[in-house]
Structure formats: C-alpha cells, structure tokens
Amino acid sequence: MPELPEVEVVRRGLTRWVAGRTVDSVEVRHPRAIRRHTAGPADFADRLTGLRLGTARRRGKYLWLPVTGGGPAAQTAAEGIAPLVTPSVTHGLAILAHLGMSGQLLVQPQDAPDEKHLRIRIRFADDLDTELRFVDQRTFGGLSLHDTVPGDPDHLPDVIAHIARDPLDAAFDDDAFHTALRRRRTTIKRALLDQSLISGVGNIYADEALWRSKLHYDRPTATFTRPRTAELLGHVRDVMNAALAVGGTSFDSLYVNVNGESGYFERSLDAYGREDEPCRRCGTPIRRRPWMNRSSYFCPRCQRPPRPARGA
DNA sequence: ATTCAGTCCTGTACGC
DNA sequence: TGCGTACAGGACTGAA
C-alpha cells in the first residue's frame, strides 16, 4: 500500500518525467477515478487540456502538480509550436492525486498496451511519445483539479488544507504535535493515522513505528510525555527514511513506480504482517488483533497493553 | 468541537 | 469446481 515513502518516490518520478509538459488530451475511462472532481469527467478533461504541469509536490500521502497556462501561449504549445511567451502567471490551480490502496501513476510509451485497470490517460503536446497513466485496481484513489490556497508557496490545493504536515517536512512542528497529542482523548495508533494531526502514516508504518518504540497501539495519547513523543517521532522518521532509501532505487527508470517492487515490505518489516513469527527483539510470536476494521500487529512482550483506566 | 462507525472498491485466499 | 466470506484499508461523510 502506498504510504508516504512510496508516494515520495512517485513524486520524484513525476517531476522527472512530466513536469514542464503541456497537456494535449485527457481520457477519463472510469468516472470514479475523478469522483473528487465534482464537476465531472468532461469538465476535468476540458479544463486540464492546454495546461502546463509544474514541479510535483507532496504532503503526507497526497501528491499534486501545480499548473500554469491555459491561455493563448499554452494553446500555441498544444499545437506543437514553441510559445513566444512562456506562461508564468499561476492560475492558482493544481492537479491533486491520491493513490488510495492500489493506485499507480505510470509514464508509459503511447503505444504500450493499456493496463487492465487503466482509469485516466493524459497525453502531452510534445514529441516525447510518452503519456501519463493513472492505473488503479480498487479505485480508492483518483485525480482532481482544484484551486490552490492563495499565497501558499507550495500551491497547496484548497481541499487538502486540513491535512497536517508530514514528519519528513522540514516545517513539521514537533512541539505542536506533542501538545495536540496530549489534548486528544484518544489512543496512539488512532492519532498516528489521523491525517489532521500528522500525515503520511498508514497502518503499516504506524505498526512499525510503535514496535520500534515499544508502545502498545491502545496507549492513551494523554499519557505521552515529551520525551516519549520525541522518541516515537524519531522512529516514525527512521522507518520512513529506511523505506524511502530502498524504494527510491526504482525512480531512475522510465516507470514512475509505485507498488511493492522495492521488496522493502518483505525484507524489512518488523511487525506488520508477521503474525505468529518471532519478534526480532525478544522472539515472542507477533500477534494480530482486529482493530478498526483492519489489523494491528504487535509484540505482546515488548509492547505491553496500557493499564486499564480506573473506573472502567 | 471532537470522536468514531460506516462506506466505497476488487482481487486474492481460504473453508466447505 | 465453485461458492460464499473475510480481508486488504485511506479518507470522506454524517451522526453522536
């Protein structure tokens, strides 16, 4: 499942292979893949055509491409003629992407066979002979076009303004996170998955960071001390950086790769998916517990459950 | 305001 | 073999 490290790999690939290119045509093959674009598939395709893509950005698991143009200069470019004036004024628009559970953004030769779950195809007004494809088996992900937050240097799409910065963002505020954590009346894994508190952490990296921190997923956030929060954040960053280091090997290829090809999941996970396998610290079998319609993996010895609250 | 259950989707694995 | 069911699970929605 694409979480922050995988999405970052895609971001780099997008910047390398499609930034600076101008959209020539858009084909929406499955309306659900643009369901967040409420004006519908035709509007999405029409408005995207002629726009020039900027450098890909990321916050947590969200990706976006700020776009410029749409005016006469861009139309000239769409006809394959070099524009006299490069459009530089932002229209305050960005293409937002979320990969969901199974989404992939692929840069493919135009004559490559369609993938079985190809949802959106974007062709460009140049002679590079490659196109951008959104492929998504389960259609939890999608693309959409949005206004950006006025004055935001990263051209953040307005619809994700509520998403917190992620722990690899230089502007992530550790102290503010700790304060917000203490204020919540919830448990630590729920908090880690709350994208308005900290973004980019999904089920896999939550379990991994908790295992590294020797913390049980049901520990109340109100019990967190400043050092404990700092240690947890350190482990979140470590596990994400480790994944990024492995997953980052494939972005050099033509393919903007997304899922699992790094092998990271099979080799390096300590808790997630390891039910009944020995804990790499103490040898106790890892347990799986149903949790919020999914699973939590943990070591019952290293990660002791919290003492039940009095009066419970 | 905050918390949380329900919902969307499809391929795979598994028991009978 | 085929059928039904559980599971993978991010993020939005709406209710409490």
Side-chain angles (χ1 to χ4, degrees), chain A residues 1-8 10-11 28-38 58-64 96-105 114-120 134-144 146 156-167 176-177 179-210 217-222 236 240 243 258-260 264-266 269 271-276 286-298 309 312:
Chain A
M1 316 304 146
E3 295 186 28
L4 187 153
E6 293 76 22
V7 177
E8 173 60 17
V10 177
R11 188 196 67 76
V28 178
R29 298 168 56 98
H30 195 310
R32 187 172 151 80
I34 56 108
R35 68 193 179 285
R36 199 161 185 175
H37 189 89
T38 49
R58 182 187 56 72
R59 176 175 287 194
K61 290 173 269 197
Y62 281 98
L63 272 174
W64 68 95
L96 181 65
H98 197 293
L99 302 175
M101 303 290 301
S102 52
Q104 294 175 286
L105 282 164
D114 288 357
E115 291 77 7
K116 182 177 180 188
H117 300 292
L118 175 64
R119 308 304 190 192
I120 299 168
F134 181 70
V135 177
D136 191 4
Q137 174 207 122
R138 284 154 72 183
T139 62
F140 271 47
L143 305 184
S144 47
H146 300 282
L156 185 74
D158 55 11
V159 294
I160 60 162
H162 66 289
I163 300 293
R165 290 187 184 273
D166 63 65
F177 174 71
T179 305
L181 200 61
R182 288 292 307 243
R183 200 158 40 218
R184 292 294 178 98
R185 289 295 171 266
T186 186
T187 48
I188 187 57
K189 186 170 170 183
R190 285 176 186 273
L192 284 176
L193 296 182
D194 184 341
Q195 306 294 301
S196 68
L197 266 181
I198 180 172
S199 67
V201 184
N203 202 40
I204 296 170
Y205 292 103
D207 280 1
E208 292 303 300
L210 290 169
Y217 55 90
D218 265 344
R219 172 169 290 279
T221 52
V236 170
M240 284 185 169
V258 185
N259 282 334
Y264 172 79
F265 293 95
E266 293 163 63
L269 296 181
Y272 183 85
R274 299 194 63 238
E275 184 178 20
D276 295 333
I286 296 289
R287 288 199 184 144
R288 180 176 72 89
R289 286 284 158 74
W291 184 87
M292 277 182 74
N293 277 334
R294 54 197 67 164
S295 296
S296 277
Y297 296 88
F298 69 107

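Bear in mind the structure is a predicted one, so any value in this text is a computation, not a measurement. Below, chains carry the letters A, B, ... as their sequence lines are ordered, and counting in each starts from 1.
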Q: Which residue lies toward the 5' end of DNA chain B, A:T187 or A:R294, if each is placed at its nearest nucleotide?
A: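 It is A:T187 whose nearest nucleotide is closer to the 5' end.
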Q: Taking NZ from A:K189 and P from B:dC4, how many angstroms apart are they, rounded to a whole number?
A: 15 Å
Q: Are A:F177 and A:I198 side-chain neighbours, meaning at least one heavy-atom pair lies under 4.5 Å?
A: yes
Q: How many Å lie between CZ on A:R184 and P on B:dT3, as a whole number?
A: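 It works out to 5 Å between those atoms.
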Q: From B:dC8, B:dT10, C:dA8, pick the nucleotide closest to the side chain of A:Q137?
A: B:dT10
Q: Given that A:I163 and A:R138 both sit by DNA chain C, which one's nearest nucleotide is further toward the 5' end?
A: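 Nearer the 5' end of the strand: A:R138.
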Q: Taking A:Q195 for the side chain and A:G60 for the main chain, is one N or O donor matched with an acceptor at less than 3.5 Å?
A: no
Q: Rounded to the nearest Å, what distance is computed from the CG atom of residue A:L63 to the P atom of nucleotide C:dA11?
A: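 For the pair A:L63 CG and C:dA11 P, the rounded distance is 12 Å.
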Q: Measuring to OP1 and OP2 of B:dT10, would you say a side-chain N or O of A:S102 lies under 4.0 angstrom away?
A: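 So the side-chain polar atoms of A:S102 never come under 4.0 Å of the phosphate oxygens OP1 or OP2 of B:dT10.
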Q: Counting only side-chain heavy atoms from C-beta out, which of B:dG11, C:dA11, C:dC12 sits nearest to A:R36?
A: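 The answer is C:dC12.
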Q: Give A:H162 one of three labels, base, sugar-phosphate or nothing, depending on what nucleic acid heavy atoms sit under 4.0 Å from its own.
A: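 If one applies the 4.0 Å heavy-atom cut-off, A:H162 turns out to touch the sugar-phosphate alone, with no base involved.
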Q: Would you please confirm or rule out a distance under 4.0 Å between OP1 or OP2 of B:dG11 and any side-chain N or O of A:H117?
A: yes
Q: How many Å lie between CH2 on A:W291 and P on C:dG10, as a whole number?
A: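 Roughly 9 Å, once rounded to whole Å.
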Q: Between A:T186 and A:N293, which has a closest nucleotide on DNA chain B that is more 5'?
A: A:T186
Q: Are side-chain heavy atoms of A:T139 and A:H117 found at a separation under 4.5 Å?
A: no
Q: Could you point out which residue of A:H98, A:H146, A:H162 forms a ring pair (Phe, Tyr, Trp, His ring centres under 6.0 Å) with A:Y62?
A: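 It is A:H98, the one option of A:H98, A:H146, A:H162 that forms the ring pair (Phe, Tyr, Trp, His ring centres under 6.0 Å) with A:Y62.
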Q: Using a cut-off of strictly less than 4.0 Å, decide whether A:Y62 has a side-chain nitrogen or oxygen near OP1 or OP2 of C:dC12.
A: yes
Q: If I take atom CZ in residue A:R35 and atom C1' in nucleotide B:dT7, what distance separates them, rounded to the nearest angstrom?
A: 11 Å
Q: Determine the contact category for A:R288: base if any of its heavy atoms lies under 4.0 Å from a base atom, sugar-phosphate if only primed atoms, P, OP1 or OP2 are that close, otherwise nothing.
A: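 It contacts sugar-phosphate atoms only.
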Q: Tell me: CZ of A:R185 to C1' of B:dA1, nearest whole Å?
A: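 After rounding, the reported distance stands at 14 Å.
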Q: Looking at B:dC8, B:dG11, C:dC7, which one has an atom nearest to any side-chain atom of A:F140?
A: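 Selected nucleotide (nearest to the side chain): B:dC8.
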Q: Salt bridge or not between A:D136 and A:R32? Use side-chain N to carboxylate O under 4.0 Å.
A: no
Q: Could you state the atom-to-atom distance from CE of A:M101 to P of B:dT10 in whole Å?
A: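 That distance rounds to 14 Å.
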Q: Rounded to whole angstroms, how far apart are CG on A:L193 and P on B:dT2?
A: 19 Å
